There are 2 protein chains.
Amino acid sequence: MNAINLNAEVDELKIKILDAAKERFQVYGYGKTTMAEIAKDVNMSAANLYRYFENKQDIALECSDRCMSERLTLIREAVCQAGSSAAERLRTLVLASLRTNLDEFEKSPKINELIELVSKNHTALVKDKVQAQCAIIAEILAFGNETGEFEVADIIKTSRTVHASLVLFDFPLFDGFFSREEFETMANNVVDLLVNGLRKN
Amino acid sequence: MNAINLNAEVDELKIKILDAAKERFQVYGYGKTTMAEIAKDVNMSAANLYRYFENKQDIALECSDRCMSERLTLIREAVCQAGSSAAERLRTLVLASLRTNLDEFEKSPKINELIELVSKNHTALVKDKVQAQCAIIAEILAFGNETGEFEVADIIKTSRTVHASLVLFDFPLFDGFFSREEFETMANNVVDLLVNGLRKN
DNA sequence: TTCCTGAATATTCAATAAAATATTTAGCAT
DNA sequence: ATGCTAAATATTTTATTGAATATTCAGGAA
């Protein structure tokens, strides 16, 4: 057994652990799932989990990280499949983000415990998420510049600006305040306004 | 003593109570101020407070309501005094809101306890606040239409859209995440983008 | 009546101890 | 060595209860 195989197996096991943890976190919440339970799900002792992760929070962290990445991949795909105009792509991005947020919250409200934990103790992860979202926006802006739809001078700066305008739809913080329908209407209206502002004069 | 005078005196006393409560809430927080203390501040028994307010939360609620109104008045004034263009007015609105949020948080972090309490238990108050903010935005939009700077068809709808884009600067929810400077830069950029989108083509 | 208070009661907070759980350690099996 | 576990220890939750505080009540003064 060489080093490469070893690492591959370790990674595989880590993923198995993360999947088990995710399932527990979603159903019972972070606080109510024990290391012993996660361990049992993957047929090992609780002690052995520490050969793969620093501690319980670390599991939550990597779990969230994976969730966010998966979500981001889905969103990125949706955007690429979206129609040919940059405006449509931006709209797809916003609506996909919004829906993912709302769906996730609806499906498992326990997930909020995780989100709170992570955004409290691992600001870096949230910043990464923002960064990734801005990167997608930047791509859309560049695309808009190419098609002549937009006229954006500083793409990086503008991607941050656009993201700041869209915060309401990208963060699951205002979930109770508006209905899904209200959220979607607002999202569409904001996109319209932004597109108008980005448009070539 | 007629009914009108009676009510006036009651109102006066209510305000005295609210002022005392506000001072306590700001310095010690909601949880750490007792009804007995508030009562003592205005020279009455704790029991007597209940002739003026339903309960402690009700005091907090009316207190927050007054704070928000005062803040809104200040912001409204700042906007009116702002230069002659609608764009400048919008910028003034956003920066004033942002600064008030950041200042308040910096001055008395205890105030967050109140905000959390109120937004958890009295959604209506928050909605009122949003509504009031939208009203100011609507005025600015109407003004922009008059000066020919903007071309906004549905002012009410657009005021909500603009407000949604500005949520990051109007709610004290992301306080730790960015520095004051970063916030202000973002606010300015978002205003620029929105103004561009609202502009007459 | 109207406005108030002191005392009674109900509720919430805070300190502690007990139990559950996270994490570390020592050592077994391969 | 590597991969694991059981048991030991440290930390965190949970339960309990006494104290503090909110709220209500009965009645006194103007």
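Residue numbering restarts at 1 for every chain, and letters A, B, ... go by the order of the sequence lines. Keep in mind it's a predicted model, so treat the numbers as computed, not measured.
For the segment residues 41-49 of chain B, the set of residues with a heavy atom within less than 4.0 Å of an atom of DNA chain C comprises M44(B), S45(B), A47(B), N48(B), in numerical order.
The NZ-C1' distance, from K14(B) to dC3(C), rounds to 16 Å in whole Å. When rounded to the nearest whole Å, the span between CD1 of I59(B) and P of dA22(D) equals 9 Å. With rounding to whole Å, M35(B) atom CE is found 18 Å from dA10(C) atom P. Rounded to a whole Å, the OH atom of Y50(A) is 13 Å from the P atom of dT21(C). Rounded to a whole Å, the OH atom of Y30(B) is 11 Å from the P atom of dT12(C). To the nearest angstrom, P of dA22(D) lies 11 Å from CZ of R24(B). Atom P of nucleotide dC13(C) and atom CD of E113(B) are separated by 10 Å, given to the nearest angstrom. One interatomic measurement links the two molecules: CD of E54(A) to P of dA22(C), which rounds to 16 Å at whole-angstrom precision.
Between the side chain of S108(A) and the main chain of I111(A), no donor-acceptor pair closer than 3.5 Å is present. Distance alone, capped at 3.5 Å, places no donor-acceptor pair between the D41(B) side chain and the A21(B) backbone. No donor-acceptor pair under 3.5 Å is formed between the side chain of T158(B) and the backbone N or O of I155(B). Counting only distance, with no hydrogens or angles, the side chain of K56(A) and the backbone of T33(A) share a donor-acceptor pair below 3.5 Å. The closest donor-acceptor contact from the side chain of E113(A) to the backbone of G29(A) lies at 3.5 Å or more, if one exists at all.
Ion pairing between E149(A) and R89(A) fails under the 4.0 Å rule for side-chain N and carboxylate O.
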Under 3.5 Å, which protein N or O atoms sit close to an N or O of nucleotides 12-18 of chain D? Give each pair with its distance.
{"from": "dT14(D)", "atom 1": "OP1", "to": "K32(A)", "atom 2": "NZ", "distance (Å)": "2.8"}

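Closest to the side chain of R51(A), out of dT24(D), dA22(C), dC4(D), is dC4(D).
For the pair Y52(A) and dC4(D), the criterion of a side-chain N or O lying under 4.0 Å from OP1 or OP2 is met.
Residue-to-nucleotide proximity on DNA chain C shows that, of G31(B) and L13(B), the 5′-proximal contact is made by L13(B).
Stacking of K110(A) on the aromatic ring of Y28(A) is not recorded, the 6.0 Å distance cut-off and the 45° axial limit not both being met.
Between F174(A) and F171(B), the ring planes are perpendicular. Angles over 60° get that label, and only those under 30° would be called parallel.
Other residues, nucleotides and ligands place more than 12 heavy atoms under 6.0 Å from the OH atom of Y52(B).
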